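As the structure is a prediction and not an experimental result, all values here were calculated from the model. FYI, the numbering just counts along the sequence from 1.
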Amino acid sequence: MVHTVRQDDRTAGLRDGAVDAALLWGTISDPRLVTTEILREPHIAAISRSSTLAVRDRVTWRDLGRRCLIVNTVSGTFTPQDWPADATPEVGVETSNIEEYLHAVAARRGVGVLPVSVAAQYPDPDILYLPLTGAPPAVLTYAYPRNNPHPYAATFGRILRQDQASERASHLDVVSVGRPATADEGCGHGDDGRKVVRVAFTAAKQTAGAARPRNGAPDHSAVPTEPVA
């Protein structure tokens, strides 16, 4: 049995022991964790429909290097250092979750980059997704603690490696398998209460309560808009 919960944290609660395993975008380097690359997929550009780039059919990695960049500091898949030294973008906005990220894109505070499966989950009438050439792939990594791992952590990883189809990946973009709740909550059974697993994620679908107002953008007055080229 699996329960899903949201964890807006770089490792979805893995490092502080809140979860037992995690599926995360990006490469994780930590000797305390066992990590396995599950899959790679292309990135796609996310731009405001009012951007001067909106007339393009596609953009290049270097094109985005000449724009202000929106960076997700929690679950993002890139940093400005991933661009060539002679085409490194400036950071226009730093965000901590997918809702803030998309708000900033739509408000034209910069350009964004997402894995294609993540972008497919977030259609927005104010955002245009364009094919992106020359970009490094997005890497999905499975991780769990090296010491005292969940009994099913390694097995879950083997199952994920056996099924790397893009349709499955679109539902497992950023998730983690969490420690079960207490037995009286109906989540703990067996000798150590760890037969039922909670699944957490850091890129949840946007809820109605978090939706961006259609009659106004969030206030980013201290942040420059993307340059008009």
Looking only at heavy atoms, which two atoms of [X] and [Y] are closest? And how far apart?
{"X": "Asn72", "Y": "Ser75", "value": "OD1-N, 3.1 Å"}
{"X": "Ser48", "Y": "Ala106", "value": "OG-O, 3.4 Å"}
{"X": "Ile98", "Y": "Tyr122", "value": "CG2-OH, 3.6 Å"}
{"X": "Val111", "Y": "Leu53", "value": "CG1-CD1, 4.1 Å"}
{"X": "Ala54", "Y": "Leu128", "value": "O-CD2, 3.7 Å"}
{"X": "Ala154", "Y": "Tyr144", "value": "CB-OH, 3.8 Å"}

Go through Val74 and Asn97 one step at a time and tell me if the side chain to side chain contact (heavy atoms under 4.5 Å, CB included) criterion holds.
CA-CA 7 Å; Val74 174; Asn97 58 54; over 6 Å; no
Side chain to side chain, [X] and [Y], heavy atoms closer than 4.5 Å:
{"X": "Ile38", "Y": "Arg161", "answer": "yes"}
{"X": "His43", "Y": "Pro115", "answer": "yes"}
{"X": "Val105", "Y": "Asp124", "answer": "no"}
{"X": "Arg67", "Y": "Thr52", "answer": "yes"}

Inter-residue atom distance [X].[atom1] - [Y].[atom2], 0.5 Å rounding:
{"X": "Ile44", "Y": "Arg58", "atom1": "CD1", "atom2": "CZ", "result": "10.0 Å"}
{"X": "Leu24", "Y": "Leu140", "atom1": "CG", "atom2": "CG", "result": "8.0 Å"}
{"X": "Thr141", "Y": "Arg40", "atom1": "OG1", "atom2": "CZ", "result": "9.0 Å"}
{"X": "Leu132", "Y": "Leu64", "atom1": "CG", "atom2": "CG", "result": "5.5 Å"}
{"X": "His103", "Y": "Asp126", "atom1": "NE2", "atom2": "CG", "result": "10.5 Å"}
{"X": "Leu160", "Y": "Leu23", "atom1": "CG", "atom2": "CG", "result": "5.0 Å"}

Ring geometry between Trp83 and Trp61 (parallel below 30°, tilted from 30 to 60°, perpendicular above 60°)
parallel
Once side chain to side chain donor-acceptor pair (under 3.5 Å) is applied, do any residues pair with [X], and if so which ones, sequence neighbours excluded?
{"X": "Asp86", "answer": "Arg62"}
{"X": "Thr155", "answer": "Arg158"}
{"X": "Thr79", "answer": "Gln81"}

Using side chain to side chain contact (heavy atoms under 4.5 Å, CB included), reason through Tyr129 and Leu114 one step at a time and then give a plain yes or no.
CA-CA 9 Å; Tyr129 294 114; Leu114 295 170; 4.0 Å; yes
Show your reasoning for whether side chain to side chain contact (heavy atoms under 4.5 Å, CB included) applies to Leu69 and Glu90.
CA-CA 6 Å; Leu69 188 68; Glu90 296 183 5; over 6 Å; no
Quick one about Ser51 and Arg56 (side-chain donor to acceptor, distance below 3.5 Å, no hydrogens or angles considered), yes or no?
no
Count I, L, V, M, F, W, Y as connected when their side-chain heavy atoms are under 4.5 Å apart, and connections chain through other members. Are Val139 and Val34 then in the same cluster?
no
Apply the test side chain to side chain contact (heavy atoms under 4.5 Å, CB included) to residues Ser117 and Trp25: give CA-CA distance (whole Å), side-chain angles for both, the deciding distance (0.1 Å), then the verdict.
CA-CA 11 Å; Ser117 62; Trp25 287 112; 3.7 Å; yes
Ignoring hydrogens and geometry, is there a side-chain-to-backbone donor-acceptor pair from [X] to [Y] under 3.5 Å?
{"X": "Arg146", "Y": "Leu33", "result": "yes"}
{"X": "Thr35", "Y": "Tyr142", "result": "no"}
{"X": "Thr73", "Y": "Ser96", "result": "no"}

